[in-house]
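This report refers to the structure that appears directly beneath it.
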Amino acid sequence: MNLASRQEDFALAARPDGPPASGPAPLEARGLSVSYGVKPALIGVDAAFPSGRMVAVIGPNGAGKSTFLKAALGLAPKIAGEVEIFGEPVDQAYGRFAYVPQRASVDWDFPTQALDVVSMGLYRELGLMGRFRGEHRRRAMAALERVGMADFADRQIGRLSGGQQQRVFLARALAQEADLYLLDEPFAGVDAATERAIVEVLKGLQAEGRTVVCVHHDLATAQEYFDYALLLNLRKIAEGPIREVLTIGNLQRTYGGRLTGPQLAAFGASGGASGGAFGGAGG
Amino acid sequence: MGEEFVRFSLAPLLIGVLAAMACALPGNFLLLRRQAMIGDAISHVVLPGIVVAFLLTGSVTTWPMMLGALGAAALSAVLIELVRRFGRVEPGAAMGVVFTTLFALGVLMLERANLGRAHLDVQHALYGNLESLMWLRSSGWSSLLDPQALARLPEELPRMAGVAGLMGLLTLVFWRPLKIASFDEGFARSLGIPVRGVSFGIVLAAAAACVAAFDAVGSIIVIAMLVCPPATARLMTDRLSTQVWLSLGFAAFAATAGYVLAGYGPIWLGGEHAVSAAGMIATVAGLTLGIAALCGPHRRRDEAGESQPL
């Protein structure tokens, strides 16, 4: 690991402040810090994502992208900092946000079907004993249809391809009808067609005025898919509209200073789930 | 049959079936969460826990035993962590070492404690006393309508029925959180489901079922029933609700077939003595699992990546 050199770079890195929030931001973090054991995973990150944007959380492996998402939602223990979702603490904002974990984080051998998984997205409405009615079934089916998976409603989830599994996860989030969507590496290990299909659905959500946040690996597609970005490498490197933020200087600070292109690619992609982090050709 | 069956076999049969079903219900979720080892550990450490509770209180009532079993479970968790850390072994090995050692310790304590005054001895602890739970006041099927006779049913029967009913009720009420938290913990937490509470609740329910079943049917059945019926059911279906129902069916089947085979099998084969019902029930459960593993319709796993282009 290049931990020493990376830390040197943080010291050099300027820390531009995020834009001032107008109204309650869909997601606002102040001084968010997380550590796993003695190893810091996230150090004092401030971020405020504006409403109605497609936000990419970008950084090398181990930079704390997923940790940022999890800590923001209270899924990873934070050691310091505050998070507000639409101006409320997370435990009062349930139902307003939908979280899509990494596909690899669950056991796909679980005895459940695609439609059943999507129906889990209705839990906040149904509660413990609420009756699952035809209307709920229709909504779950509509969510599956929106990701092109209606024909697989009754299939056991382990018998779906990786891309299909990711679509089912997305459909479950759609069924939640949230205002803020947070997706952890939605394009990891999926085929190009699925990636395009997922992007279409996410852009549709944005068109409805919802906010979408994705942990994203591939810099080549970042500008095409997203319009706002948070660059992370344990600390925040930069945040803002993507065209202003994705500069060579910021990227070098994010991905490791004076390294050349191929080295950057190797650094960013090492141990990664989804291949190249830098440059489309390697992606 | 008739009168004799009701007097000697009805109550043990029902208690065996209820104990098996009460254990199988939480067992389903332990299995799906890849925590079958925890179920194994619980069912083993229940023995020393109960013995210590018995030595301290001198009674075999439910609450001291429950507390003893839970205390032993907590102690074993600490020991497992210590062995893992200082013994530098993997968690599975640490568990295996700790719970077999505690179980053996329980057997030794039972033997040395010389518990002449109560019916708690090694044999009872391992095999239970299923065969001895007779309904002596009965006089055939009509006794089922006779309040006086019903009042003299073995006390284990209503207790086991209560625990099995409670397990069923808990499973029904908490079905959705159980399913969601077992499948996708991160997502469950993002919905506000208290996942730690759910996993603690499953372990607690398993411990409660173990303790309740332990007195009537002994360790062997408890150990077998927590895992075997759910594992068999998992091989038969890809639907969780079906799996849970099937596991109840397999549990009832193993208890019934095991009891009957133990009682009558040796006689059919020309032998003279019945064999242990507990041992036979556990054997039937294991054999059923074996058959399902060979021929179950959903035994092939991890076929993901059929990679159809979309």
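Chain A is the first sequence line, chain B the second, and so forth, proteins listed ahead of strands; every chain is numbered from 1.
- No part of A:L182 comes within reach of chain B, as not one of its non-hydrogen atoms sits under 4.5 angstrom from that chain.
- Counted within 6.0 Å of CZ on A:F86, heavy atoms from surrounding residues, nucleotides or ligands total more than 12; the atom is thus considered enclosed.
- Between A:Q113 and B:D238, the shortest heavy-atom distance links the atoms NE2-O, 2.6 Å.
- In this structure a side-chain-to-backbone donor-acceptor pair under 3.5 Å is missing from B:E185 to A:V106.
- With hydrogens and angles disregarded, a donor-acceptor distance shorter than 3.5 Å links the side chain of B:R176 to the backbone of A:G130.
- Counting heavy atoms from C-beta outward, A:S105 and B:F187 have side chains that stay 4.5 Å or more apart.
- Atoms CD and CZ, on B:Q243 and A:F110 in that order, are 8.0 Å from each other to the nearest 0.5 Å.
- Residue A:R137 qualifies as open at atom CZ: its count of foreign heavy atoms under 6.0 Å is 12 or below.
- Counting heavy-atom pairs closer than 4.5 Å to chain A, the top-ranked of the candidates B:L191, B:L240, B:I180 is B:L191.
- You'll find the side chain of A:P111 stays beyond 4.5 Å of the side chain of B:R239, heavy atoms only.
- Under the 30°/60° scheme for interplanar angles, the aromatic rings of A:W108 and B:F183 are found to stand perpendicular.
- Comparing B:I193, B:L172, B:T242 by how many heavy-atom pairs each has under 4.5 Å with chain A, the most go to B:I193.
- Of the listed residues A:L128, A:D91, A:V117, A:L73, the one with more heavy-atom pairs under 4.5 angstrom with chain B than any other is A:L128.
- Atoms CD and OG, on A:Q176 and B:S190 in that order, are 6.0 Å from each other to the nearest 0.5 Å.
- Between the OH atom in A:Y99 and the CZ atom in B:R189 there is a gap of 10.0 Å [rounded to 0.5 Å].
- With a 4.5 angstrom heavy-atom cutoff, A:D116 touches chain B only via side-chain atoms.
- Across all non-hydrogen atoms, the minimal contact from B:D184 to A:P101 is OD2-CG, 3.4 Å.
- When all heavy atoms of A:Y94 and B:G192 are compared, the closest pair comes out as CZ-CA, 3.3 Å.
- At most 12 non-hydrogen atoms from other residues, nucleotides or ligands lie less than 6.0 angstrom from CZ of B:F200.
- In terms of heavy atoms, B:V173 sits closest to A:M129 at CA-SD, 3.5 Å.
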